[in-house]
**Student:** 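Below is one structure. I have some questions about it.
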Amino acid sequence: MTNQRPEADQAGDHSAAATLPTQYAPAEVEGKLYERWVAAGYFEADAKSDKPPYTVVIPPPNVTGSLHLGHAFEHTIIDSLTRRKRMQGYETLWQPGMDHAGIATQNVVERELAKEGKSRHDLGREAFVERVWQWKAESGGQISGQMRRLGDGVDWSRERFTMDEGLSQAVQTIFKKLFDDGLIYRAERIINWCPRCLTAISDIEVEYQDDEGELVSIRYGDGDDAIVVATTRAETMLGDTAVAVHPDDERYAHLVGREIELPLTGRRIPVVADAHVDPEFGTGAVKVTPAHDPNDFEIGRRHDLPSIAVLDERGVITVHGPFQGLDRFEARSAIVGALRAEGRIVAEKRPYLHSVGHCSRCKTTIEPRLSLQWWVKVGPLAQAAGDAVRDGRVAIHPKEMEPRYFGWVDNLHDWCISRQLWWGHRIPVWYGPDGEVVCVGPDEEPPSGEGWTQDTDVLDTWFSSGLWPFSTLGWPERTPSLEKFYPTSVLVTGYDILFFWVARMMMFGLYAMDGTPPFHTIALHGMVRDQFGKKMSKSFGNAVNPLDWMDAYGSDAVRFTLARGANPGTDVPIGEDWVQGSRNFCNKLWNATRFALMNGATVAGPLPEAADLSAADRWILSRLNATVAEVDALYDDYQFAKLSDALFHFAWDEVFDWYVELSKTTLAAGGPAADASRRVLGEVLDVTLRLLHPVVPFVTEALWTALTGRESVVVAEWPADSGFRDAAAEAEITTLQQVVTEVRRFRADQGLKPGQRVPARLDLAGTPLAAHEEAIRSLLRLQPAGDGFTATASLPVAGATVALDLSGAIDVAAERKRLQKDLAVAEKELAQTTAKLGNEGFMAKAPEQVVAKIRTRQATAEADIARITAQLAALPQA
RNA sequence: GGGCGCAUAGCUCAGUGGUAGAGCACUGCUCUUACAAAGCAGGGGUCGGCGGUUCGAAACCGUCUGCGCCCA
């Protein structure tokens, strides 16, 4: 569209329409409009404003990421919410930014270095971190540009990054506070170790899947001391320090307390009794490797067993002997081979399907590893996070997702927060020469001098993401933004990452902000799937780049398709056909507005009084206001699919298909009625475009500015229901629609071409449609009945009769077939309603309105049968 | 193994006690002066099976079958 200076146009100026091409071309509109919005500062939030605040923080995408449909979906939801609130007069902040994605980003840069034949160790820590920043500056954060394409109304002047100075200070502040409160501690435990990323990861970064492994039964000890254990991890037997059996297991009672020989090593290990052993599983005896299995670690603790580590950080066997230097998987077969040679393999099951943990980042099999790490003691924090939802201060939407939240937050293990990476917030703890441990706050000088060193680990990325709702607003400073915009209003995120960081934000928000939760509502959405409901994945080959669809059909089309599928908490299937359908809707909107502009639709001046409006005008205004109310209610309930659908159907089925068509007759006639219609048309489009704007911002902006001559729909007022309703006008137009549809049906059944003019005589005396005769004739291509008019067909419908002269024989067979079908439907209806009304139980117990409704249906069926029977009788005999 | 959920038109999904709906797909006719990315008309479902509650069940209860997801 060439209309880039809408303020220069007058409302209703016919020249505005002349500049609109017959097809909507999103590519020519979207980019320019977005730049204008940003330049105008519409998305900037003012902390000094008197307006009530509405705040949403973006779930920060990874700095390594690019826009996928999941983002597009989530952003469409957030953008619609914030755009509507902005129009409603809230001081609206949609806070943008990214997280530093510790492991992912470090991996990206390490891969770059590898191409140069270098490792991060060649550069050293400082130079490597420098290199990561350089990478971020050059190729990180692609998603920011893509968010602009999507139309995201974020305040770019406030963009934040979790590694920024201010946010790093927030991290250090909360670390110190938690440390001082005893909620952060250091301990040696079994953690999830990725032998490829060479770092600890948290429980939720482990993905379990059923893998084909092996279950090997090994005989430990000999003679009377023999005991068979089953394991999927034979290679860890080198680190076994006991065999455990259930205390009540009589099979092994005689062995408890004795020592047996561990094969291949010559070591002697005890047999211990532990209630955690399942006597039903395998032989009821298990090998115990405290250094390489979390359950075994606990058994070891209970029985004071030593831990013998046999694998290094890369999963390579470290103990002396023939297996030293073998990878854990090579060692497994080597050790089974050696045991077999000694005749100690009692049974082998291969493949044996069992659940194995994998690194969510690189899919490498996780190695449980005993190591010294930093932990957050989550007990009191998780309790508070659960209580905030339990006592209603925070609502989870949809409510069905609550058990999922409680199930997790109430059973939370302590959170391992240290990572053996270089990219991230370095743990602010210094160790002294004499074993001192000092946690340093943001305003404190680290201890200096001989022998003092800082912890080399960094913090889990989620540690900083958990601070996002307040760190982005300036915390720990009590900034005006923090005062104005905290707590945020709603957090929009996928149910799949409810645990990853919603719970973390809740814990940290409540803890840091004196018990004020970071948001009052958690609105959960589902995942985007393909058109057959399958999960999108690169390996399956059904992943879609949203930018391709945005290029082909426009961002609005992608957004509208996603919004139409957004039922709370459920997954959203999307296919190209559906995006095309949304594009078609945008085009329809475009052309309807184009028609309105060509015909002088206007928003100038007040609406005429109801008395000066036609039934069609009153009908559409009644429907318009009902739609405003409906859409408002649906927005407040996060029902994006339903509100989008309501707007789609109101716009297309009512405004475009009927009101616009009816207005053609009125406009052609001219006079005051035409003036009124121009004003109503302008009103209906104005309000409809404003209602649609949050979901399809671009096309509505282009059209609304052209229609109204005003600055921007972004800052227009959100429509309000005027309360105007007109049931009589609605009934009148419904009757009109019935008459028109019935005659169209007859025309189609008779094989008349749509444009073919037919002489007709209308008898509307029994209806309120007298004023609509011209419109009905126009819609049905009916000519006046001239001299020699001979009715060859007479159609009774809704009290009216339309007589047509088809100048010749009609297709009696087609009409008979049709009428017989209608008759069958009416007869079935009569039978059903009559049966109900004859049912004593129904008559005695059904509510008044239901009985009345059935009576009406019965009467209608009877009338239909009479009418159709008469029509059939009137048909010429074949 | 524990928990949550789903099964409605060819596909994807709405529909929490009173006439089974939408989008897309499908069939026929049309360039009717906003729009063929369109218009008009039409076809299509024993609401997974069985049993129960009820005057009345797609909906509520039980059960079976099939399929998801989360946790262990």
Side-chain angles (χ1 to χ4, degrees), chain A residues 17 20-25 203-204 208 278 281 355 357 400-404 407-408 411 495-496 498-499 526-527 529-535 553-554 557 561 564-565 567 569-599 639 641-642 644-646 648-649 652-653 656-657 660-661 664 668 740-757 778-781 818 821 825 828-829 832-833 835-847 849-851 853-854 856-857 860-861:
Chain A
L20 295 181
T22 60
Q23 280 193 349
Y24 174 49
D203 292 347
I204 51 177
Y208 289 88
D278 177 6
F281 181 80
S355 180
E400 299 89 270
M401 289 285 176
E402 273 186 8
R404 208 179 157 104
W408 192 74
N411 295 293
Y495 65 77
D496 56 320
L498 183 62
F499 315 135
M527 287 150 65
R529 294 170 173 271
D530 76 7
Q531 59 195 312
F532 303 110
K534 292 266 180 294
K535 215 175 205 169
Y553 305 108
T561 308
R564 288 195 77 186
N567 287 114
T570 64
D571 290 343
V572 192
I574 187 170
E576 187 161 0
D577 285 352
W578 307 344
V579 179
Q580 207 170 72
S582 297
R583 185 271 313 264
N584 295 355
F585 175 70
C586 292
N587 188 55
K588 186 75 179 175
L589 196 59
W590 178 270
N591 274 296
T593 308
R594 191 165 154 262
F595 166 84
L597 290 169
M598 288 167 67
N599 286 280
Q639 301 275 4
K642 290 191 178 61
S644 302
D645 212 46
F648 177 90
H649 286 290
W652 206 318
D653 298 352
F656 306 156
D657 284 352
V660 164
E661 293 305 322
K664 286 177 180 174
V740 169
T741 302
E742 173 63 10
V743 178
R744 280 175 174 165
R745 188 238 92 212
F746 177 79
R747 290 183 53 124
D749 282 354
Q750 291 297 313
L752 295 182
K753 300 207 182 309
Q756 188 176 332
R757 305 267 159 188
S778 164
L779 291 170
L780 291 170
R781 317 287 162 202
R818 172 64 192 211
K821 189 188 166 189
V825 170
K828 189 179 168 195
E829 174 79 352
Q832 280 177 348
T833 50
K836 277 205 169 188
L837 294 169
N839 180 330
E840 283 175 30
F842 175 77
M843 295 307 285
K845 296 189 180 176
Q849 318 93 287
V850 174
V851 176
K853 216 168 161 184
I854 299 292
T856 307
R857 280 171 53 195
T860 306

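The chains referred to below are lettered A, B, ... by the order of the sequence lines, with proteins before strands, and numbering in each begins at 1. Note that the coordinates shown come from a computational prediction; the quantities given were computed from them, not determined experimentally. In what follows, every heavy atom counts, from backbone to side chain, and hydrogens, waters and symmetry copies are set aside.
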**Student:** For atom P, what is the distance between A57(B) and G28(B), given to the nearest Å?
**Tutor:**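 About 40 Å, rounded to a whole number of Å.
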
**Student:** With a 3.5 angstrom cut-off on both distances, give the Watson-Crick or G-U wobble partner of G42(B), or none if there isn't one.
**Tutor:**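 Pairing partner: C26(B).
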
**Student:** Choosing from C24(B), G23(B), C35(B), which nucleotide comes nearest the side chain of Asp577(A)?
**Tutor:**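 Ranking C24(B), G23(B), C35(B) by closest atom to the Asp577(A) side chain puts C24(B) first.
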
**Student:** Give the intermediate values and the outcome of side-chain contact (heavy atoms from CB on, under 4.5 Å) for residues Lys535(A) and Arg529(A).
**Tutor:** CA-CA 5 Å; Lys535(A) 215 175 205 169; Arg529(A) 294 170 173 271; 4.0 Å; yes

**Student:** Hey, which sits more toward the 5' end of RNA chain B by its nearest nucleotide, Ala748(A) or Ile854(A)?
**Tutor:**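 Going by which nucleotide is closer to the 5' end, it is Ile854(A).
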
**Student:** Within 45° of the six-membered ring axis of Phe595(A) and under 6.0 Å from that ring's centre, is NZ or CZ of Lys664(A) located there?
**Tutor:**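 Yes, cation above the ring, under 6.0 Å and within 45°.
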
**Student:** Mind checking if Gln531(A) touches a base, just sugar-phosphate, or nothing, with heavy atoms under 4.0 Å?
**Tutor:**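 Answer is sugar-phosphate: Gln531(A) comes under 4.0 Å of backbone atoms only.
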
**Student:** Paired with C6(B) by Watson-Crick or G-U wobble geometry, both distances under 3.5 Å: which nucleotide is it?
**Tutor:**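 Because both required distances fall under 3.5 Å, C6(B) counts as paired with G66(B).
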
**Student:** Under 4.0 Å, counting only non-hydrogen atoms across every strand here, what does Arg818(A) touch: a base, just sugar-phosphate, or nothing?
**Tutor:**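 Contact class for Arg818(A): sugar-phosphate only.
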
**Student:** Would you indicate, yes or no, if G15(B) has its OP1 or OP2 atom less than 4.0 angstrom from a side-chain nitrogen or oxygen of Lys642(A)?
**Tutor:**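 It does, given that an N or O in the side chain of Lys642(A) lies less than 4.0 Å from OP1 or OP2 of G15(B).
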
**Student:** Taking atom C1' in both C26(B) and U32(B), what distance in whole Å separates the two?
**Tutor:**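 Rounded to whole Å, the distance is 25 Å.
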
**Student:** CH2 of Trp590(A) versus P of A36(B): gap in Å, rounded?
**Tutor:**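 Rounded to the whole Å, the gap is 15 Å.
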
**Student:** Is the phosphate of U19(B), meaning OP1 or OP2, less than 4.0 Å from a side-chain N or O of Lys828(A)?
**Tutor:**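 So the side-chain polar atoms of Lys828(A) never come under 4.0 Å of the phosphate oxygens OP1 or OP2 of U19(B).
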
**Student:** Name the residue closer to the 5' end of RNA chain B, choosing between Arg564(A) and Phe585(A) according to the nucleotide with the nearest heavy atom.
**Tutor:**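 Result: Arg564(A).
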
**Student:** Under 4.0 Å from OP1 or OP2 of G56(B): is there any side-chain N or O of Asn839(A) that close?
**Tutor:**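 Indeed not, no polar side-chain atom of Asn839(A) lies that close.
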
**Student:** Please report, rounded to the nearest Å, how far the P atom of C40(B) is from the CD atom of Glu742(A).
**Tutor:**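 Atom-to-atom, Glu742(A) to C40(B), this comes out as 16 Å.
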
**Student:** Using the C1' atom in both, what is the distance from A58(B) to G18(B), to the nearest Å?
**Tutor:**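 My reading of the C1' atoms in A58(B) and G18(B) gives 13 Å.
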
**Student:** Report which part of the nucleic acid Tyr553(A) touches: base, sugar-phosphate, or nothing (heavy-atom distance under 4.0 Å, all strands).
**Tutor:**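 It contacts nothing in the nucleic acid.
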
**Student:** Is a side-chain donor or acceptor of Arg781(A) paired with a backbone partner of Lys753(A) at a separation under 3.5 angstrom?
**Tutor:**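 Not confirmed, Arg781(A) side chain does not pair with Lys753(A) backbone.
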
**Student:** Check the distance between A41(B)'s C1' and Lys753(A)'s NZ and give it to me in whole angstrom.
**Tutor:**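 That distance rounds to 14 Å.
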
**Student:** Tell me whether the side-chain N or O atoms of Gln580(A) pair up with the base of A37(B) as donor and acceptor below 3.5 Å, since no angle test is needed here.
**Tutor:**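 There is none.
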
**Student:** I'd like to know if the side chain of Trp590(A) reaches the main chain of Ala25(A), judged simply by a donor and an acceptor atom lying under 3.5 Å from each other, with no hydrogens or angles considered.
**Tutor:**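 Flag not set: sc Trp590(A) to bb Ala25(A) has no pair under 3.5 Å.
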
**Student:** Let's see if you can work this out: which of G18(B), A72(B), A37(B) has an atom nearest to the side-chain heavy atoms of Arg583(A)?
**Tutor:**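 The closest nucleotide is A37(B).
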
**Student:** Is Arg564(A) positioned over the aromatic face of Phe648(A), cation under 6.0 angstrom from the ring centre and no more than 45 degrees off axis?
**Tutor:**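 Relative to the ring axis of Phe648(A), which defines the angle, Arg564(A) lies inside both limits.
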
**Student:** Could you tell me the separation between the CZ atom of Phe532(A) and the P atom of U12(B), rounded to a whole number of Å?
**Tutor:**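 Rounded to the whole Å, the gap is 7 Å.
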
**Student:** With heavy atoms under 4.0 Å as the rule, sort Asn567(A) into base, sugar-phosphate or nothing.
**Tutor:**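 It contacts sugar-phosphate atoms only.
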
**Student:** If you measure from the C1' atom in U19(B) to the same atom in C31(B), how many Å do you get, rounded?
**Tutor:**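 It works out to 39 Å between them.
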
**Student:** Side chain of Asn584(A) only, heavy atoms from C-beta on: which candidate in C35(B), A38(B), G18(B) is closest?
**Tutor:**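 The nucleotide sitting nearest to the side chain is A38(B).
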
**Student:** With side chain to side chain donor-acceptor pair (under 3.5 Å) as the test, would you mind laying out the steps for Tyr553(A) and Asn587(A) before giving the verdict?
**Tutor:** CA-CA 10 Å; Tyr553(A) 305 108; Asn587(A) 188 55; over 6 Å; no

**Student:** In whole angstrom, give the distance that lies between atom CH2 of Trp578(A) and atom P of A25(B).
**Tutor:**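 About 11 Å, once rounded to whole Å.
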
**Student:** With distance as the sole test, does Arg747(A) use its side chain to make a donor-acceptor pair with the main-chain N or O of Leu780(A) at under 3.5 Å?
**Tutor:**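 Present.
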
**Student:** Using atom C1' of each nucleotide, how far apart are G1(B) and A14(B) to the nearest Å?
**Tutor:**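 Those two atoms are separated by 35 Å.
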
**Student:** Looking at Lys534(A), I'd like to know whether one of its side-chain N or O atoms comes within less than 4.0 Å of OP1 or OP2 on U12(B).
**Tutor:**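 Negative; the distance criterion is not met.
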
**Student:** Could you check whether any side-chain N or O of Asn567(A) sits under 3.5 Å from a backbone N or O of Thr570(A), counting only pairs where one atom can act as donor and the other as acceptor?
**Tutor:**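 Not at all, since once roles are kept as given, no pair shorter than 3.5 Å links the two residues.
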
**Student:** Can you tell me the pairing partner of C47(B) across any strand shown, Watson-Crick or G-U wobble, with both distances under 3.5 angstrom?
**Tutor:**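 No nucleotide pairs with C47(B).
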
**Student:** Rounded to whole Å, please give me the gap between CZ in Phe648(A) and P in G23(B).
**Tutor:**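 Those two atoms, CZ and P, are 6 Å apart.
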
**Student:** Using whole Å, report how far CD1 of Ile574(A) lies from P of A25(B).
**Tutor:**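 Going from Ile574(A) (CD1) to A25(B) (P), I get 15 Å.
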
**Student:** Assign Gln750(A) to base, sugar-phosphate, or nothing according to its heavy-atom contacts below 4.0 angstrom with the strands shown.
**Tutor:**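 The answer is nothing, as Gln750(A) stays clear of every strand by at least 4.0 Å.
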
**Student:** If we take the C1' atom in both C11(B) and G49(B), what is their distance in whole Å?
**Tutor:**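 Taking atom C1' in both C11(B) and G49(B), they lie 23 Å apart.
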
**Student:** Could you check which nucleotide pairs with U16(B) in any of the strands shown, counting Watson-Crick or G-U wobble with both distances under 3.5 Å?
**Tutor:**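 Pairing partner: none.
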
**Student:** Which base, if any, makes a Watson-Crick or G-U wobble pair with U54(B), both distances under 3.5 Å?
**Tutor:**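 No nucleotide pairs with U54(B).
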
**Student:** Could you measure between the two P atoms, the one in G44(B) and the one in U54(B), and give it in whole Å?
**Tutor:**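 Each nucleotide's P atom is 36 Å from the other's.
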
**Student:** By the 4.0 Å heavy-atom rule, please label Ala592(A) as base, sugar-phosphate, or nothing.
**Tutor:**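 Base contact - Ala592(A) has a heavy atom under 4.0 Å of at least one base atom.
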
**Student:** Return no unless some side-chain N or O of Arg404(A) is found under 4.0 Å from OP1 or OP2 of C69(B).
**Tutor:**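 False: Arg404(A) side-chain N/O out of range (4.0 Å or more) of C69(B) OP1/OP2.
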
**Student:** Quick check: any donor-acceptor pair below 3.5 Å linking the side-chain of Arg745(A) to the base of A41(B)?
**Tutor:**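 Per atom types, no contact qualifies.
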
**Student:** Could you state the atom-to-atom distance from OH of Tyr24(A) to P of A36(B) in whole Å?
**Tutor:**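 Tyr24(A) atom OH is separated from A36(B) atom P by 17 Å.
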
**Student:** Mind checking if Asp657(A) touches a base, just sugar-phosphate, or nothing, with heavy atoms under 4.0 Å?
**Tutor:**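 Sugar-phosphate contact only.
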
**Student:** With a 3.5 Å cut-off and heavy atoms only, can you find an N or O donor on one side and an acceptor on the other between the side chain of Gln639(A) and the base of A14(B)?
**Tutor:**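 Between A14(B) and Gln639(A), which were checked side chain against base, a qualifying N/O pair under 3.5 Å is absent.
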
**Student:** Using a cut-off of 4.0 Å on non-hydrogen atoms, how would the nucleic acid contact of Pro403(A) be classed: base, sugar-phosphate, or nothing?
**Tutor:**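 No contact at all - Pro403(A) keeps every heavy atom at 4.0 Å or more from the nucleic acid.
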
**Student:** Taking only the side-chain nitrogens and oxygens of Trp652(A), find out if one of them lies under 4.0 Å from OP1 or OP2 of A34(B).
**Tutor:**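 No, because none of the side-chain N or O atoms of Trp652(A) sits under 4.0 Å from OP1 or OP2 of A34(B).
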
**Student:** Paired with C71(B) by Watson-Crick or G-U wobble geometry, both distances under 3.5 Å: which nucleotide is it?
**Tutor:**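 Looking at the geometry, C71(B) pairs with G1(B).
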
**Student:** Roughly how far apart are Leu589(A) CG and Asn584(A) CG, rounded to 0.5 Å?
**Tutor:**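 Leu589(A) atom CG to Asn584(A) atom CG measures 12.5 Å (nearest 0.5 Å).
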
**Student:** How far does the P atom of C24(B) sit from the matching atom of G39(B), given to the nearest Å?
**Tutor:**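 Comparing P positions in C24(B) and G39(B) gives a spacing of 10 Å.
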
**Student:** Assign Thr741(A) to base, sugar-phosphate, or nothing according to its heavy-atom contacts below 4.0 angstrom with the strands shown.
**Tutor:**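 Counting heavy atoms under 4.0 Å across all strands, the contact made by Thr741(A) is with sugar-phosphate only.
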
